[in-house]
Amino acid sequence: MLAQKLKGVFKTVQTQIRPKRNVGPESLKPRRPKRFSPLMLIGISVPLIIILIAGIVVIVPRINSHAANANMNCSLIVPPNPLSAKGLATPYQLVATDPNMGPCNEANAGQAAFVQGAVIDPATGQISVYNPLIIDQGTQPAAQPVVPNLPVNAIVGLWFGFNGNNLTLQGQNNSLAMGRCTNGANNSIFGQFAYCNARAFFAAANNAIRRGQLTPPALGTAADGMACPTVRDFSVIDMDQSDNVTTTYLITGNGTIAQNTAANVAALQNAQTQVNASDNRLLDVALDGALNCQPWTAPDLADNGKMVPALPLNEIQAAAHQGAPMALVPLGDPMTLNNNNADNNKTNLYRRGVDQPVINNTNNGNTTTYCKNYLNIAPARIQLDAQFTKNRPSPDPAAANSLFTFLAQRFNTAFGQNGLNCTGLLNVQNPIQVTTDGNGVAINATINAGNGNNGGGNGGGTGNTAAPNCSVNGTVINGCTGTTTINNQTCQVTFDKANNQINFNCNGAQNPPTQGQPGQPTQPAQPTQPAQSNQGQPALSRLSPRSRTRGNKPNQHNQARAHKVKPNKIPQIPL
């Protein structure tokens, strides 16, 4: 366009300085050359300057599109027939929900969206993974996506993640209806999360489990002696569990996108990996790596069967093996709120997308109960696992300097007023305090055992003692917190310091073993020596992750809800 404008200007200039052609006898007379006028130079320069300025105005905003004030609300155009092989291999397109707020670019880590697909063969019950590609609207991928070879009558589920605030699914040729996609409820979107056909996928997977065709692998034992964690473990969850995915993409130097496959890595040298800041990656990569655990994986149909983890695998395994109490999305989850109010329908829609039971009389989704379990379990295990996590790299160096401090600041934020507000619901102080440096990076943390939790032992306040270790039928449970097997039942053990008792929860019944109620072990748990405590570590400022507005799509009927502070997650650990 700029070249055309310059061509037009030069044409105009040539017309101005070219002598007019005379007709008739006067044309035979010799002509005197015209004297050069400075006004002519001005006439030429001004249009050129205007065009150059216009070009800068057009180009500069595109260069600055990755600045700190990037648009955090983007839309994803879902291709036609998204559950078919062709639809899976057709790139999704990222575009700004409101163009007036600036563009959205998949190469920008803060705006990147992700799609994760899982395929189940109803004849065999076998699951495979396929992660569709996302590109900017109007662009081409760096490499064409692989067209998957799907089983006959394959059932496909899709899940979406987003590194910004609110991701809105946008249909193309009725693609949302064809994919049976859910973005939220009552004009209130979840925020970073969405799914398509998840309920049919999970129904097929659960049928395969009942038929014996599909067996979720056992959790295994972690390096800390406890069961390996799951996405429904209160030591892993935060204020909005089960959100986002494990998909990764390749970003080339010129900003084009490709599926992260071995072939593309070889062809697109120096391409960078783009990852979703998800709880699933925190579990599958960081925590499993630190605790010597293994995530459940399935073959990637785009990458010659390479074994990879996925959100649906995490949920199926957690549903099968997570001991009580099991963390299920509460009514206070910011992604399920509607105008800052609890919404049963929206919460149930979210739960169905991650294979969780809906809210009913026995499972009421109470946020206070959720907070109690969070308090009783998470601080103790974060402290227990510090021996393994303190020397592991931080998932986000801008948030914390190690995996331990990352987990500590994440709990601190989720438990506090800007998260689930457990401090207000339980009327307790935050049991984890975080020390930050001048840049706001978490560099240390203390766990206080005096708030009624069973954490302790990591620099708690004066006079507070650590939780004891327990021996259950000869198996030592550090901090009296973890999972054990009693009479062939999986039981969750917690130490309630406020009441000075050890609680056992087997299949949902919490019973102090000292009272002789059902669920009591054949031999009472005997406390051993308390764990040693590291005293004297001051608790200073709290880490303040950036704000995110979630859960509502502003429209004429629904005002945007207030800001929610989202705990930092796990952006940069490639598989």
Review point. Could you go step by step and tell me if Gln417 and Thr423 meet the side chain to side chain donor-acceptor pair (under 3.5 Å) rule?
Key: CA-CA 7 Å; Gln417 291 182 344; Thr423 52; 5.0 Å; no

Practice item. Test side chain to side chain donor-acceptor pair (under 3.5 Å) on Gln272 and Tyr249 and set out the steps. Key: CA-CA 8 Å; Gln272 301 298 311; Tyr249 296 128; over 6 Å; no

Review point. Should Phe190 and Tyr350 be marked as a ring-ring contact (aromatic ring centres under 6.0 Å, His included) after you check the CA-CA gap, both sets of side-chain angles, and the distance that decides it?
Key: CA-CA 8 Å; Phe190 294 130; Tyr350 194 107; 5.0 Å; yes

Practice item. Step by step, work out the side chain to side chain donor-acceptor pair (under 3.5 Å) result for Gln241 and Tyr370. Key: CA-CA 12 Å; Gln241 67 173 89; Tyr370 191 89; 2.7 Å; yes

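A salt bridge is absent between Asp300 and Lys306: the closest approach of a Lys/Arg side-chain nitrogen to an acidic carboxylate oxygen does not fall below 4.0 angstrom.
Listed for the Gln274 side chain is a donor-acceptor partner under 3.5 Å among the backbone atoms of Ala107. Asp238 places a side-chain N or O within 3.5 Å of a backbone atom of Asp240 that can act as its donor or acceptor partner. A distance-only check finds no donor-acceptor pair linking the side chain of Arg352 to the backbone of Val358 [under 3.5 Å]. Not one N or O on the side chain of Gln111 forms a donor-acceptor pair closer than 3.5 Å with the backbone of Met72.
Side-chain contact, Asn276 with Asn163: a donor N or O sits under 3.5 Å from an acceptor N or O. Between the side chains of Thr389 and Asp385, no donor-acceptor pair is found at a separation under 3.5 Å. Thr248 and Asn260 form a side-chain donor-acceptor contact under 3.5 Å, judged by distance and modelled atom types alone. Side chains of Asp233 and Ser235: a donor-acceptor N/O pair is present below 3.5 angstrom, by distance only.
A distance of 10.0 Å separates OG of Ser128 from CE of Met307, quoted to the nearest 0.5 Å. We find the CH2-CG distance between Trp159 and Asn280 to be 11.0 Å, quoted to the nearest 0.5 Å. Taking OG1 of Thr405 as the start and CG of Asp396 as the end, the distance is 10.5 Å to the nearest 0.5 Å. Note that the SG atom of Cys371 and the CE atom of Met239 stand 12.0 Å from one another [nearest 0.5 Å].
Aromatic pair Phe411/Tyr374: ring centres closer than 6.0 Å.
Every pair passing side-chain hydrogen bond (donor to acceptor under 3.5 Å, both in side chains) that includes a residue from residues 202-216 is listed here, sequence neighbours excluded: Asn206-Asp355, Asn207-Arg210, Arg211-Gln213.
The number of heavy atoms from other shown groups lying within 6.0 Å of CG (Asn366) is above 12.
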